[in-house]
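Before any comments, here is the structure.
No hydrogens, no waters, no symmetry mates; every other heavy atom, side chains included, goes into these values. Because the structure is predicted, anything quoted here is derived from the model rather than measured. Reminder, nothing fancy here: chain letters follow the sequence lines and each chain counts from 1.
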2 protein chains.
Amino acid sequence: MFSIRGGFGLSFRTTVGKIRGLGYRATPQRLAVIEALASGRHQSVDEIQARCPGVGIVTIYRTLDLLCGSGLARRLDLGDGKPRYELAEDHHHHLICQSCGAISEFEDCPLEERLPREASDFEVSFHRLEVYGLCGGCRG
Amino acid sequence: MFSIRGGFGLSFRTTVGKIRGLGYRATPQRLAVIEALASGRHQSVDEIQARCPGVGIVTIYRTLDLLCGSGLARRLDLGDGKPRYELAEDHHHHLICQSCGAISEFEDCPLEERLPREASDFEVSFHRLEVYGLCGGCRG
DNA sequence: ATACGTGCAAAGTTTTTGCATCCCA
DNA sequence: TGGGATGCAAAAACTTTGCACGTAT
(Lines give C-alpha, C1' and ligand atoms only; values in the text may rest on other atoms or scores of the structure.)
Protein backbone atom coordinates (compact mmCIF):
# COMPACT_ATOMS: atom_id res chain seq x y z
CA MET A 1 0.00 0.00 0.00
CA PHE A 2 2.71 2.44 0.90
CA SER A 3 5.43 1.98 -1.61
CA ILE A 4 8.51 3.65 -0.27
CA ARG A 5 10.88 4.29 -3.07
CA GLY A 6 14.53 4.94 -2.69
CA GLY A 7 16.63 7.98 -3.38
CA PHE A 8 15.53 10.48 -0.79
CA GLY A 9 17.31 13.63 0.04
CA LEU A 10 19.16 14.43 3.20
CA SER A 11 16.18 16.13 4.74
CA PHE A 12 14.12 13.02 4.51
CA ARG A 13 16.67 10.81 6.19
CA THR A 14 17.61 13.16 8.96
CA THR A 15 14.01 13.90 9.70
CA VAL A 16 13.14 10.24 9.93
CA GLY A 17 16.13 9.69 12.16
CA LYS A 18 15.08 12.48 14.48
CA ILE A 19 11.55 11.20 14.68
CA ARG A 20 12.88 7.87 15.87
CA GLY A 21 15.33 9.54 18.19
CA LEU A 22 12.46 11.36 19.82
CA GLY A 23 10.81 8.05 20.56
CA TYR A 24 8.11 8.23 17.94
CA ARG A 25 7.38 5.40 15.59
CA ALA A 26 8.31 5.83 11.98
CA THR A 27 5.11 4.49 10.49
CA PRO A 28 4.44 4.27 6.76
CA GLN A 29 2.01 7.16 7.03
CA ARG A 30 4.55 9.36 8.76
CA LEU A 31 7.20 8.42 6.24
CA ALA A 32 4.81 9.34 3.46
CA VAL A 33 4.18 12.76 4.96
CA ILE A 34 7.87 13.39 5.52
CA GLU A 35 8.63 12.25 2.00
CA ALA A 36 5.99 14.61 0.70
CA LEU A 37 7.51 17.48 2.64
CA ALA A 38 10.96 16.57 1.45
CA SER A 39 9.88 16.57 -2.15
CA GLY A 40 8.68 20.14 -2.31
CA ARG A 41 8.78 23.35 -0.40
CA HIS A 42 6.00 25.42 1.11
CA GLN A 43 3.22 22.97 0.44
CA SER A 44 -0.35 23.35 1.61
CA VAL A 45 -2.18 20.56 3.40
CA ASP A 46 -3.94 19.76 0.14
CA GLU A 47 -0.70 19.36 -1.72
CA ILE A 48 0.77 17.21 1.00
CA GLN A 49 -2.29 15.02 1.03
CA ALA A 50 -2.14 14.62 -2.73
CA ARG A 51 1.36 13.22 -2.29
CA CYS A 52 0.24 10.77 0.37
CA PRO A 53 -2.41 8.62 -1.27
CA GLY A 54 -4.02 6.28 1.21
CA VAL A 55 -3.15 8.38 4.22
CA GLY A 56 -6.15 9.86 5.97
CA ILE A 57 -6.38 13.61 6.33
CA VAL A 58 -6.55 13.27 10.09
CA THR A 59 -3.25 11.47 10.15
CA ILE A 60 -1.74 14.14 7.98
CA TYR A 61 -2.86 16.84 10.37
CA ARG A 62 -1.59 14.86 13.33
CA THR A 63 1.73 14.19 11.67
CA LEU A 64 2.21 17.81 10.75
CA ASP A 65 1.45 18.76 14.35
CA LEU A 66 3.93 16.20 15.54
CA LEU A 67 6.63 17.44 13.19
CA CYS A 68 6.02 21.10 13.96
CA GLY A 69 5.81 20.42 17.67
CA SER A 70 9.15 18.65 17.52
CA GLY A 71 10.71 21.42 15.53
CA LEU A 72 11.27 19.16 12.53
CA ALA A 73 8.89 21.10 10.32
CA ARG A 74 7.44 24.58 10.32
CA ARG A 75 4.26 26.19 9.28
CA LEU A 76 4.37 29.28 7.09
CA ASP A 77 1.82 31.84 6.04
CA LEU A 78 2.82 33.13 2.65
CA GLY A 79 0.00 35.57 2.37
CA ASP A 80 -2.66 33.51 0.67
CA GLY A 81 -4.35 32.38 3.83
CA LYS A 82 -3.44 28.72 3.55
CA PRO A 83 -0.95 27.38 6.01
CA ARG A 84 2.05 25.88 4.32
CA TYR A 85 4.59 23.45 5.66
CA GLU A 86 8.28 22.78 5.19
CA LEU A 87 10.94 20.64 6.74
CA ALA A 88 12.85 22.77 9.19
CA GLU A 89 16.27 21.54 8.21
CA ASP A 90 16.07 23.18 4.87
CA HIS A 91 17.00 26.77 5.65
CA HIS A 92 15.95 29.24 3.03
CA HIS A 93 13.59 32.15 2.62
CA HIS A 94 10.80 33.13 0.30
CA LEU A 95 10.09 35.71 -2.33
CA ILE A 96 6.37 36.13 -2.87
CA CYS A 97 4.99 38.00 -5.83
CA GLN A 98 2.10 40.17 -4.76
CA SER A 99 0.73 40.21 -8.25
CA CYS A 100 0.72 36.60 -9.42
CA GLY A 101 1.37 34.84 -6.13
CA ALA A 102 4.41 32.98 -7.39
CA ILE A 103 6.71 31.80 -4.66
CA SER A 104 10.41 31.38 -5.11
CA GLU A 105 13.22 30.81 -2.67
CA PHE A 106 16.61 32.17 -1.93
CA GLU A 107 19.27 30.39 0.02
CA ASP A 108 21.71 32.98 1.16
CA CYS A 109 20.26 34.29 4.33
CA PRO A 110 20.96 37.99 4.76
CA LEU A 111 20.73 37.68 8.52
CA GLU A 112 23.19 35.09 9.61
CA GLU A 113 24.48 36.42 12.89
CA ARG A 114 22.96 39.79 12.39
CA LEU A 115 20.09 39.36 14.77
CA PRO A 116 18.97 42.31 16.85
CA ARG A 117 20.65 43.63 19.92
CA GLU A 118 17.35 44.02 21.65
CA ALA A 119 17.17 40.29 21.52
CA SER A 120 19.99 39.98 23.99
CA ASP A 121 17.54 38.70 26.57
CA PHE A 122 16.19 36.26 24.04
CA GLU A 123 17.83 33.03 23.01
CA VAL A 124 17.39 32.78 19.29
CA SER A 125 16.51 29.39 17.89
CA PHE A 126 15.59 30.12 14.31
CA HIS A 127 14.00 32.78 12.19
CA ARG A 128 11.74 33.15 9.27
CA LEU A 129 11.91 35.76 6.55
CA GLU A 130 9.58 36.48 3.69
CA VAL A 131 10.11 39.11 1.05
CA TYR A 132 7.13 40.45 -0.86
CA GLY A 133 7.20 42.36 -4.09
CA LEU A 134 6.90 41.86 -7.83
CA CYS A 135 8.51 39.04 -9.74
CA GLY A 136 10.30 39.56 -13.03
CA GLY A 137 7.30 38.53 -15.08
CA CYS A 138 4.92 40.85 -13.32
CA ARG A 139 7.18 43.87 -13.47
CA GLY A 140 6.94 43.63 -17.24
CA MET B 1 -23.32 53.64 18.36
CA PHE B 2 -19.76 54.01 17.19
CA SER B 3 -18.16 56.52 19.43
CA ILE B 4 -14.97 57.62 17.76
CA ARG B 5 -12.72 59.16 20.33
CA GLY B 6 -9.86 61.45 19.55
CA GLY B 7 -6.15 61.03 19.98
CA PHE B 8 -5.19 58.44 17.44
CA GLY B 9 -1.70 57.68 16.39
CA LEU B 10 -0.15 58.34 13.06
CA SER B 11 -0.97 54.89 11.76
CA PHE B 12 -4.63 55.43 12.23
CA ARG B 13 -4.75 58.72 10.39
CA THR B 14 -2.58 57.74 7.50
CA THR B 15 -4.45 54.50 7.06
CA VAL B 16 -7.79 56.26 6.97
CA GLY B 17 -6.41 58.76 4.51
CA LYS B 18 -5.17 56.01 2.25
CA ILE B 19 -8.47 54.19 2.38
CA ARG B 20 -10.19 57.32 1.14
CA GLY B 21 -7.50 57.92 -1.45
CA LEU B 22 -8.13 54.48 -2.83
CA GLY B 23 -11.76 55.39 -3.35
CA TYR B 24 -13.21 53.34 -0.51
CA ARG B 25 -15.65 54.78 1.96
CA ALA B 26 -14.42 55.44 5.43
CA THR B 27 -17.40 54.01 7.25
CA PRO B 28 -17.71 53.87 11.03
CA GLN B 29 -17.15 50.13 10.94
CA ARG B 30 -13.98 50.49 8.93
CA LEU B 31 -12.75 53.22 11.19
CA ALA B 32 -13.42 50.97 14.16
CA VAL B 33 -11.38 48.17 12.65
CA ILE B 34 -8.53 50.48 11.75
CA GLU B 35 -8.62 51.99 15.21
CA ALA B 36 -8.50 48.52 16.70
CA LEU B 37 -5.49 47.65 14.56
CA ALA B 38 -3.80 50.92 15.47
CA SER B 39 -4.23 50.26 19.16
CA GLY B 40 -2.31 47.02 19.33
CA ARG B 41 0.00 44.87 17.34
CA HIS B 42 -0.41 41.34 16.03
CA GLN B 43 -4.01 40.93 17.03
CA SER B 44 -6.18 37.94 16.19
CA VAL B 45 -9.60 38.31 14.65
CA ASP B 46 -11.11 37.72 18.09
CA GLU B 47 -9.14 40.51 19.62
CA ILE B 48 -9.99 42.87 16.83
CA GLN B 49 -13.64 42.03 17.13
CA ALA B 50 -13.56 42.63 20.88
CA ARG B 51 -12.35 46.14 20.14
CA CYS B 52 -15.12 46.78 17.65
CA PRO B 53 -18.35 46.34 19.57
CA GLY B 54 -21.35 46.54 17.31
CA VAL B 55 -19.42 45.61 14.18
CA GLY B 56 -20.42 42.29 12.67
CA ILE B 57 -17.80 39.63 12.26
CA VAL B 58 -18.46 39.50 8.53
CA THR B 59 -17.65 43.16 8.20
CA ILE B 60 -14.50 42.64 10.17
CA TYR B 61 -13.38 39.90 7.82
CA ARG B 62 -14.27 42.00 4.82
CA THR B 63 -12.47 45.02 6.17
CA LEU B 64 -9.36 43.02 6.96
CA ASP B 65 -9.42 41.64 3.43
CA LEU B 66 -9.80 45.12 2.07
CA LEU B 67 -6.93 46.46 4.14
CA CYS B 68 -4.63 43.55 3.35
CA GLY B 69 -5.57 43.65 -0.30
CA SER B 70 -4.69 47.32 -0.43
CA GLY B 71 -1.43 46.77 1.35
CA LEU B 72 -2.53 48.83 4.33
CA ALA B 73 -2.46 45.90 6.71
CA ARG B 74 -0.82 42.51 6.78
CA ARG B 75 -1.61 39.10 8.05
CA LEU B 76 0.93 37.24 10.12
CA ASP B 77 1.25 33.68 11.31
CA LEU B 78 3.13 33.73 14.55
CA GLY B 79 3.13 30.02 15.02
CA ASP B 80 -0.01 29.48 17.03
CA GLY B 81 -2.22 28.83 14.05
CA LYS B 82 -4.34 31.94 14.40
CA PRO B 83 -3.91 34.58 11.76
CA ARG B 84 -2.92 37.91 13.21
CA TYR B 85 -3.17 41.35 11.70
CA GLU B 86 -1.20 44.56 11.84
CA LEU B 87 -1.18 47.90 10.10
CA ALA B 88 1.48 47.80 7.43
CA GLU B 89 2.90 51.20 8.14
CA ASP B 90 4.26 50.14 11.46
CA HIS B 91 7.49 48.44 10.48
CA HIS B 92 8.88 46.13 13.12
CA HIS B 93 9.52 42.44 13.63
CA HIS B 94 8.61 39.81 16.15
CA LEU B 95 10.29 37.66 18.72
CA ILE B 96 8.19 34.63 19.57
CA CYS B 97 8.93 32.48 22.59
CA GLN B 98 8.55 28.84 21.68
CA SER B 99 7.96 27.93 25.29
CA CYS B 100 5.36 30.39 26.59
CA GLY B 101 4.21 31.89 23.32
CA ALA B 102 4.95 35.45 24.37
CA ILE B 103 5.34 37.84 21.49
CA SER B 104 7.53 40.90 21.64
CA GLU B 105 8.73 43.26 18.98
CA PHE B 106 11.92 44.88 17.91
CA GLU B 107 12.18 47.96 15.82
CA ASP B 108 15.62 48.02 14.38
CA CYS B 109 15.39 45.93 11.30
CA PRO B 110 18.57 43.97 10.68
CA LEU B 111 17.87 43.86 6.98
CA GLU B 112 17.47 47.37 5.78
CA GLU B 113 19.16 47.36 2.42
CA ARG B 114 20.59 43.96 2.91
CA LEU B 115 18.16 42.09 0.76
CA PRO B 116 19.46 39.22 -1.34
CA ARG B 117 21.27 39.54 -4.61
CA GLU B 118 19.29 36.71 -6.08
CA ALA B 119 16.36 39.01 -5.80
CA SER B 120 17.76 41.23 -8.49
CA ASP B 121 14.98 40.14 -10.78
CA PHE B 122 12.49 40.85 -8.06
CA GLU B 123 11.26 44.27 -7.04
CA VAL B 124 11.10 44.24 -3.28
CA SER B 125 8.12 45.88 -1.70
CA PHE B 126 8.38 44.86 1.93
CA HIS B 127 9.49 41.97 4.05
CA ARG B 128 8.50 40.15 7.16
CA LEU B 129 10.79 38.63 9.74
CA GLU B 130 10.01 36.52 12.77
CA VAL B 131 12.54 35.27 15.24
CA TYR B 132 11.74 32.23 17.35
CA GLY B 133 13.49 31.16 20.50
CA LEU B 134 13.23 31.42 24.27
CA CYS B 135 12.34 34.58 26.14
CA GLY B 136 14.18 35.70 29.23
CA GLY B 137 11.62 34.21 31.57
CA CYS B 138 11.64 30.82 29.95
CA ARG B 139 15.40 30.51 29.77
CA GLY B 140 15.48 30.61 33.57
C1' DA C 1 0.27 -7.68 26.22
C1' DT C 2 0.63 -2.94 25.85
C1' DA C 3 1.13 1.38 24.34
C1' DC C 4 1.24 3.90 20.24
C1' DG C 5 -0.97 5.04 15.82
C1' DT C 6 -4.70 5.16 12.39
C1' DG C 7 -9.12 6.09 10.36
C1' DC C 8 -13.93 7.06 10.39
C1' DA C 9 -17.46 9.90 11.79
C1' DA C 10 -18.90 13.68 14.27
C1' DA C 11 -18.22 18.03 16.42
C1' DG C 12 -16.16 22.48 16.54
C1' DT C 13 -14.09 26.56 14.39
C1' DT C 14 -13.21 29.71 11.14
C1' DT C 15 -14.17 32.02 6.90
C1' DT C 16 -16.98 32.89 2.81
C1' DT C 17 -21.26 33.66 0.26
C1' DG C 18 -26.17 35.10 -0.88
C1' DC C 19 -29.34 38.39 -0.31
C1' DA C 20 -32.15 42.08 1.54
C1' DT C 21 -31.54 46.41 3.67
C1' DC C 22 -29.12 50.60 4.71
C1' DC C 23 -26.68 54.75 3.82
C1' DC C 24 -23.30 57.93 2.23
C1' DA C 25 -21.17 60.51 -1.87
C1' DT D 1 -30.69 57.99 -6.22
C1' DG D 2 -27.42 54.53 -7.01
C1' DG D 3 -23.67 51.89 -5.98
C1' DG D 4 -21.05 50.75 -2.17
C1' DA D 5 -21.39 48.72 2.58
C1' DT D 6 -23.48 46.11 6.28
C1' DG D 7 -25.57 42.26 8.67
C1' DC D 8 -27.98 38.09 9.11
C1' DA D 9 -28.30 33.43 8.06
C1' DA D 10 -26.59 29.69 5.68
C1' DA D 11 -22.98 27.32 3.43
C1' DA D 12 -18.45 25.93 2.89
C1' DA D 13 -13.94 25.00 4.33
C1' DC D 14 -10.81 23.74 7.64
C1' DT D 15 -9.26 21.46 11.89
C1' DT D 16 -9.88 18.85 16.10
C1' DT D 17 -11.85 15.18 18.99
C1' DG D 18 -13.87 10.58 20.45
C1' DC D 19 -13.62 6.05 19.91
C1' DA D 20 -12.79 1.39 18.15
C1' DC D 21 -9.60 -1.18 15.56
C1' DG D 22 -4.65 -2.17 14.06
C1' DT D 23 -0.01 -2.76 14.69
C1' DA D 24 4.60 -2.63 16.02
C1' DT D 25 7.69 -3.70 20.11
Item to complete: Starting from P on D:dA5, measure out to CG on B:L22 and report it in whole angstrom.
Response: 11 Å
Discussion item. Nearest to the side chain of A:Y61, heavy atoms from C-beta on, is which of D:dA5, C:dG7, D:dT16?
Written reply: D:dT16
Worksheet item: Among D:dG4, C:dG5, C:dG7, which nucleotide sits nearest the side chain of A:Q29?
Response: C:dG7
Discussion item. Reading DNA chain D from 5' onward, which residue's closest nucleotide shows up sooner: A:R25 or B:G23?
Written reply: B:G23
Discussion item. Nearest whole Å is fine: how far is D:dA5 P from B:I34 CD1?
Written reply: 12 Å
Worksheet item: Does a donor on one side chain and an acceptor on the other come within less than 3.5 Å for B:Y132 and A:R128?
Response: yes
Practice prompt. Compare the minimum distances between each of D:dG4, D:dT15, C:dT6 and the side chain of A:P83, then state the nucleotide with the smallest one.
Written response: D:dT15
Item to complete: Find the distance A:L31:CG to D:dA24:P and express it as a whole number of Å.
Response: 12 Å
Response to the item:
Heavy-atom nearest nucleotide on DNA chain C taken for B:K82 and for B:A26; more 5' hit belongs to B:K82
Fill in: Pi-cation contact, A:F126 with A:R74 (under 6.0 Å, within 45°)
yes
Item to complete: Please state how far atom CG in A:D46 lies from atom P in D:dC14, giving the value in whole angstrom units.
Response: 6 Å
Worksheet item: Can you find a heavy atom in the side chain of B:Q98 that is under 4.5 Å from one in the side chain of A:S125?
Response: yes
Fill in: Between D:dA5 (P) and B:I57 (CD1): distance, integer Å
19 Å
Discussion item. When you measure only distances, ignoring hydrogens and angles, does the side chain of B:R62 come within 3.5 Å of the base of D:dG4 through a donor and an acceptor?
Written reply: no
Practice prompt. Just compare D:dC8, D:dA5, C:dT14 and give me whichever is closest to any side-chain atom of B:V58.
Written response: D:dC8
Worksheet item: Are A:I34 and A:V16 side-chain neighbours, meaning at least one heavy-atom pair lies under 4.5 Å?
Response: yes
Worksheet entry | Gap between atoms CG and C1', on A:D65 and C:dC4 respectively (whole Å) | 17 Å
Discussion item. Rounded to whole Å, please give me the gap between CD1 in A:I60 and C1' in D:dC14.
Written reply: 14 Å
Discussion item. Between B:R20 and A:Y24, which residue's closest nucleotide on DNA chain C lies nearer the 5′ terminus?
Written reply: A:Y24
Worksheet item: Between C:dT15, D:dT15, D:dT6, which nucleotide has the shortest distance from any of its atoms to the side chain of B:T27?
Response: D:dT6
Practice prompt. Figure out the CZ/P separation between B:R75 and C:dT14, and round it to whole Å.
Written response: 15 Å
Discussion item. For the aromatic rings, using the six-membered ring if either is Trp, is the centroid distance between A:H127 and A:H93 under 6.0 Å?
Written reply: yes
